[in-house]
Amino acid sequence: MLHLISTGLNKIKADAIVLPVCEDKMLYSKKEVISLIQVAKDLKEFKGCKSDEVILYNVAEVQPKRVIFLGLGKFSKISPESFRSLVGSSVQKCIQKGFSNILFVAPDENMLNHPVGVILEAMLEGACLGNHIFDRYKKEKKNIPLQKISVWTSPDPATRYRSLPGRIRTICEGTILARNWVSTPPNEKKPEQFSSEIAGLARKEKLKVRVIHESELKKLKMNAMLAVAAGSESEARLVIMEHAPIGAKKTIVLVGKGVTFDSGGINLKPSGSLEDMKMDMAGAAAVAATMITISKLGAKDKVIGVIPIVENMPSGNATRPGDIVKSYAGKTVEIGNTDAEGRLILIDAISYAIKKYKPETVIDLATLTGACVMALGEKIAGVFSTDDDLADILISAGEKTFERCWRLPLPEDYKELIKSDLADIKNLASSRMGGAITAALFLAEFAAVPKWAHIDIAGPAFTQKGTPYCPKGGTGFGVRLLCEILK
Ligand code: BES
Ligand code: MN
Ligand code: ZN
């Protein structure tokens, strides 16, 4: 369904040909293409400015009935993301028009300030991700994904990058898997079900999988994690997935927050804050989908996915504000607020993973704090790290995949804020200010490894309005990022 082709443009059969056009520079050298663009630009309504669009019908030079011209804007502002979103939004529009087979023409090699491979990659990603629809709960399927999307380039790059569509498709399928899990309603992904779905898919991909049930978690004394699950009718689960290729030198642990629904517990969230809390397992979804994807792609390092899964609910058995629990690592935690549950499940998962696997690197992904959304908005993740190199690697990977990450500090003196009068540490900081930082500092107390990074994805894990290449709901944020750093 995703192709990179270089056959003669006059031979192409499709519902439409799509041509990205720049405002102030010609991106093509083929005569036929240049003259087509001239026809479009002769029209008053099309200049190639950002989001300009015009459609020419029944053009003599090509077989498809429509040629769609899409504006990219000014040459100096064009980035790979311009192509990812142009292609993604065009695919979404073509789906609505009922098309099934579309061809995108890529600019000529050397016409842009970016390597053609990067542009082709972005176009293929936009195509694949924009073609995703979440309509599992609709009886009538109004929109049907495109059956065939092709990207046209000249023969040289088409040969050089012939394996690209396959790889991009695998990574995008991982992203879509994570999106679908996040968008799934909370009654259909309670911990027992979510964990067995992960295990089922992972085992198909030759990953070694272990699902630790609540009785065993009790024996292991994962009391911080169990404290969160206490109020729910559902049991807690810890899913562990291993990708262990022979000859691997490094061990990397990925941890993902898996709260299938975060009601806040006894510190019940108010209306307005509850409705989207099915997304509180987006870290878990990203880690599970990444593990499945790197197993398909064959990453060279040993990678362990550790996924604590619970539901945070109020009830007569629920943990109370004021309770003190002894974490897996042995430190006691005073529970100041049952809505600061993510950090409780994460510390037990992180401590367990460090003890068992002795990794050099631990990276956790979590929809951890509303404060991070306040600081960085809905589209940018907060990165905290004890290691500058790891932080830089994550930030550059995020620039490449356009899963933007911004580093926030771990100031030593802020540790004051999570001191407890009674226990070793408190899950609620004594100030509401800097909430993303104090949450990260809490995790840092348990992340005794050479390299640790925490990515707060509370903002970008979910999109209220939809984006050029993501429908409303889960975004799959983190999957492409993690695949990028593990490749
Ligand atoms: N899951 C939430 C954080 C969240 C908020 C995710 C908005 C996505 C969107 C987390 O468990 C939480 O409730 N955090 C509290 C912490 C507070 C009680 C210290 C918060 O951010 O308000
Ligand atoms: Mn919470
Ligand atoms: Zn939460």
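On a predicted model such as this, the values are computed, not experimentally measured, just so you know. Numbering of ligands and ligand atoms starts at 1, following listing order. Positions are given from 1, in the same order as the sequence printed here.
The atom name of the N/O/S atom in Glu341 closest to the Mn ion (ligand 2) is OE1. Counting just the N/O/S atoms of Asp280, the one with the shortest distance to the Zn ion (ligand 3) is named OD2.
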Check the pair Lys465 / Glu378 against salt bridge (Lys or Arg N to Asp or Glu O under 4.0 Å), numbers first and verdict last.
-> CA-CA 11 Å; Lys465 295 191 206 133; Glu378 276 192 298; 5.5 Å; no
May I have the step-by-step check of salt bridge (Lys or Arg N to Asp or Glu O under 4.0 Å) for Glu197 and Lys189, ending in yes or no?
CA-CA 9 Å; Glu197 270 178 36; Lys189 59 176 175 195; over 6 Å; no
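Contact annotation for atom 1 (N) of ligand 1: protein present (non-hydrogen atoms, distance under 4.0 Å).
Partner of Glu125 under the salt bridge (charged side-chain N to carboxylate O under 4.0 Å, His left out) criterion, chosen from Arg480, Lys400, Arg169: Arg480.
Within ligand 1, counting atoms from 1 as listed, the ones closer than 4.0 Å to a heavy atom of Met277 are 1 (N), 4 (C), 5 (C), 6 (C), 7 (C), 8 (C), 9 (C). Near Met279, meaning under 4.0 Å from one of its heavy atoms, ligand 1 places the atoms 8 (C), 9 (C). Each of the following atoms of ligand 1 lies closer than 4.0 Å to a heavy atom of Ala458: 6 (C), 8 (C). Ligand-side atoms of ligand 1 in range of Thr367: 1 (N), 2 (C), 3 (C), 6 (C), range being under 4.0 angstrom from any heavy atom. Close approach to Lys257 involves these atoms of ligand 1, each under 4.0 Å from a residue heavy atom: 1 (N), 10 (C), 11 (O). Taking a cut-off of under 4.0 Å to the non-hydrogen atoms of Asp280, the atoms of ligand 1 that pass are 1 (N), 11 (O).
For the pair Asn337 and ligand 1, the shortest N or O to N or O distance does not fall below 3.5 Å. For ligand 1, the polar-atom distance check finds an N/O of Gly370 within less than 3.5 Å of one of the ligand's N/O atoms. Taking distance alone, with nitrogen or oxygen atoms compared against 3.5 Å, Glu341 approaches ligand 1 more closely than that limit.
At least one N, O or S atom of Asp262 sits under 2.8 Å from the Zn ion (ligand 3). The Zn ion (ligand 3) lies at 2.8 Å or more from every N, O or S atom belonging to Val259. The Mn ion (ligand 2) lies at 2.8 Å or more from every N, O or S atom belonging to Asp280.
A distance of 5.5 Å separates CD1 of Ile252 from OG1 of Thr361, quoted to the nearest 0.5 Å. We find the CD1-CZ distance between Ile149 and Phe99 to be 13.0 Å, quoted to the nearest 0.5 Å. Interatomic distance, Ser90 OG to Met123 CE, rounded to the nearest 0.5 Å: 9.0 Å.
When atom types are taken as modelled, the side chain of Asp323 and the backbone of Arg320 share a donor-acceptor pair closer than 3.5 angstrom.
The residue Met281 has no part lying near ligand 1, judged by heavy-atom distances below 4.0 Å. Within the 4.0 Å heavy-atom criterion, the part of Leu428 lying near ligand 1 is the side chain and not the backbone. Looking at Arg343 against ligand 1, only its side chain comes within 4.0 Å, counting heavy atoms.
Relative ring orientation between Phe384 and His454 is described as parallel, the plane-to-plane angle staying below 30° on a 0-90° scale split at 30° and 60°. The aromatic rings of Tyr137 and Phe134 lie tilted to each other, with the angle between the two planes from 30° to 60°.
Asp339 contributes OD1 and Asp262 contributes OD2; the angle these two atoms make at the Mn ion (ligand 2) is 100°, rounded to 10°. The OE2 atom of Glu341, the Zn ion (ligand 3) and the NZ atom of Lys257 define an angle of 90° (nearest 10 degrees).
Among Leu368, Asn312, Thr438, the residue whose heavy atom lies closest to atom 10 (C) of ligand 1 is Leu368.
With no hydrogens or angles considered, a side-chain donor-acceptor pair links Glu334 and Ser420 at under 3.5 Å. No hydrogens or angles considered: nothing links the side chains of Asn143 and Gln92 as a donor-acceptor pair under 3.5 Å. Arg136 and Thr184 share a side-chain donor-acceptor pair at under 3.5 Å. Donor-acceptor pairing under 3.5 Å is recorded for the side chains of Thr332 and Asp424.
For atom 15 (C) of ligand 1, the closest non-hydrogen atom of the protein is Asp339 O, 4.0 Å.
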